[in-house]
Colleague: 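Take a look at the following structure, please.
Chain identifiers are assigned alphabetically (A, B, ...) following the order of the sequence lines, protein sequences preceding nucleic acid strands; residue numbering begins at 1 within each chain.
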2 protein chains.
Amino acid sequence: MKDQTTRDHIIEAADRLFYQQGFEHTSFSHIAGAVQISRGNFYYHFKTKDEILEAVINKRLADRRMMLGQWEIDGDTPVDRIQSFINILLVNKDKIQLYGCPIGTLSTELAKLNHGAQEQANQLFTLFRSWLGRQFSLLGRDRDADVLAMHVLAHSQGVATLANAFNDEAFIRQEVRQISDWLAEIAGHCPKEQGQQQLSKKEQEK
Amino acid sequence: MKDQTTRDHIIEAADRLFYQQGFEHTSFSHIAGAVQISRGNFYYHFKTKDEILEAVINKRLADRRMMLGQWEIDGDTPVDRIQSFINILLVNKDKIQLYGCPIGTLSTELAKLNHGAQEQANQLFTLFRSWLGRQFSLLGRDRDADVLAMHVLAHSQGVATLANAFNDEAFIRQEVRQISDWLAEIAGHCPKEQGQQQLSKKEQEK
DNA sequence: GTCTATACACGGATAGAC
DNA sequence: GTCTATCCGTGTATAGAC
């Protein structure tokens with residue numbers, strides 16, 4: 001599990017560089033330099049730049065699925081889990097101020113490049129969208145679960161974009177507070193929530 | 001007023017191409033081809049690519065200042081004017097679905113490129129931020145005018161990013177409705193608003 | 001002001017030795 | 001698996017003729 005192959009190292013470096021510098025701006029030389037291998041060796045692992053992009057997106061998908069799975073385990077209620085999503089803005093605030101959201105900025109770039117991998121990259125958004133939608137459904141908001149999910153997703157994207165532009169941590173905290181209040185209000189109006197708080201996983205274990 | 005110089009044509013084409021394809025992805029050849037001049041001629045007007053970028057940003061600043069000025073004339077109340085801002089999402093929905101927000105995507109790209117013009121590009125955001133802040137101040141929300149302005153700005157950015165990713169017009173309409181309701185509620189709670197409706201510019205002219 | 005020709009660096013990609 | 005050497009296209013930028 002711990003013995004990373006050269007291929008893994010390449011994907012890891014590319015993931016980081018694509019995020020920090022953008023996909024197009026990152027060259028083979030950049031990645032090869034970061035991994036400390038020659039450019040020639042590079043092509044043994046990946047035939048084209050698009051193949052690396054595909055691998056990076058797949059890695060990001062796997063990483064995020066893992067993260068969402070963990071939130072399901074840690075979060076006792078749907079509200080807790082949605083709050084975990086909102087909190088990424090705080091947890092990753094430094095990187096977001098420097099580079100924006102890794103999912104949003106990649107999607108935006110690929111759209112402009114009219115790149116074939118755009119659909120694949122959007123699966124990252126879809127992953128969060130579906131997951132958030134399920135949480136809102138569990139809250140008893142089955143009818144507008146997807147609308148609420150998209151709203152939360154859009155909010156986090158907007159905050160990331162402006163936090164990046166203005167390099168403003170206070171703004172992130174402000175907006176996280178606002179959307180958390182909004183979430184609490186949503187939860188308060190939900191019929192299924194009040195009585196279920198004590199039926200959460202951890203409580204059941206006792 | 002109507003005799004555009006070659007320089008103006010270049011800026012116009014670059015403006016459009018930077019928006020549609022991104023700054024880095026757009027080459028001199030692209031722009032020269034669009035303007036129907038040779039690449040060599042190009043350098044008579046602009047010495048470097050960065051000079052074109054600077055000119056494009058200045059043009060965008062001038063265009064947006066003009067637009068905001070028009071909204072001041074057309075909009076009777078601060079609420080009307082803020083609503084004008086929100087409505088850009090609807091007015092430009094087709095382009096937003098294809099290319100995102102011209103201001104947000106440029107800012108995001110320049111941040112990744114670590115480009116010197118980033119600060120200049122952010123003046124576009126600042127322009128809207130200040131303008132929106134003034135409108136909220138006029139609504140009697142002087143204390144949190146900037147917070148509200150940033151909130152509206154972030155919302156529009158988030159909607160643009162996701163509308164672009166999912167190419168989803170219904171989502172835009174949905175979110176515009178939501179933020180409009182929010183605005184109406186904000187206005188309803190504002191002490192200065194109710195009594196001032198009839199003191200608007202057009203009413204005063206009579 | 002506009003053109004052609006050209007210099008030069010860099011990026012993606014391949015061939016073949018070790 | 002990893003390396004060096006190399007090809008080719010494109011991108012920025014310049015020189016100089018018209």
Colleague: By the ring pair (Phe, Tyr, Trp, His ring centres under 6.0 Å) test, which pairs, at least two apart or in different chains, include something from residues 59-89 of chain A?
Modeller: A/W71-A/W131, A/F85-A/F128
Colleague: Who are the salt bridge (charged side-chain N to carboxylate O under 4.0 Å, His left out) partners of A/R16, not counting sequence neighbours?
Modeller: none
Colleague: Would you give me the side-chain donor-acceptor pairs under 3.5 Å for residues 90-102 of chain A, sequence neighbours excluded?
Modeller:
{"residue": "A/Q97", "atom": "NE2", "partner": "A/N167", "partner atom": "O", "Å": "3.4"}
{"residue": "A/Q97", "atom": "NE2", "partner": "A/N167", "partner atom": "OD1", "Å": "2.9"}

Colleague: Please report, rounded to the nearest Å, how far the C1' atom of D/dT14 is from the CZ atom of B/F46.
Modeller: 18 Å
Colleague: Once salt bridge (charged side-chain N to carboxylate O under 4.0 Å, His left out) is applied, do any residues pair with B/D168, and if so which ones, sequence neighbours excluded?
Modeller: none
Colleague: Sugar-phosphate means primed atoms, P, OP1 and OP2; the rest is base. With that split, encode nucleotides 2-17 of chain C 5' to 3' as B, S or - using protein heavy atoms under 4.0 Å.
Modeller: BBB-B----SBBB---
Colleague: Applying ring-ring contact (aromatic ring centres under 6.0 Å, His included), can you list everything that pairs with B/Y43, at least two apart in sequence or on another chain?
Modeller: B/F28
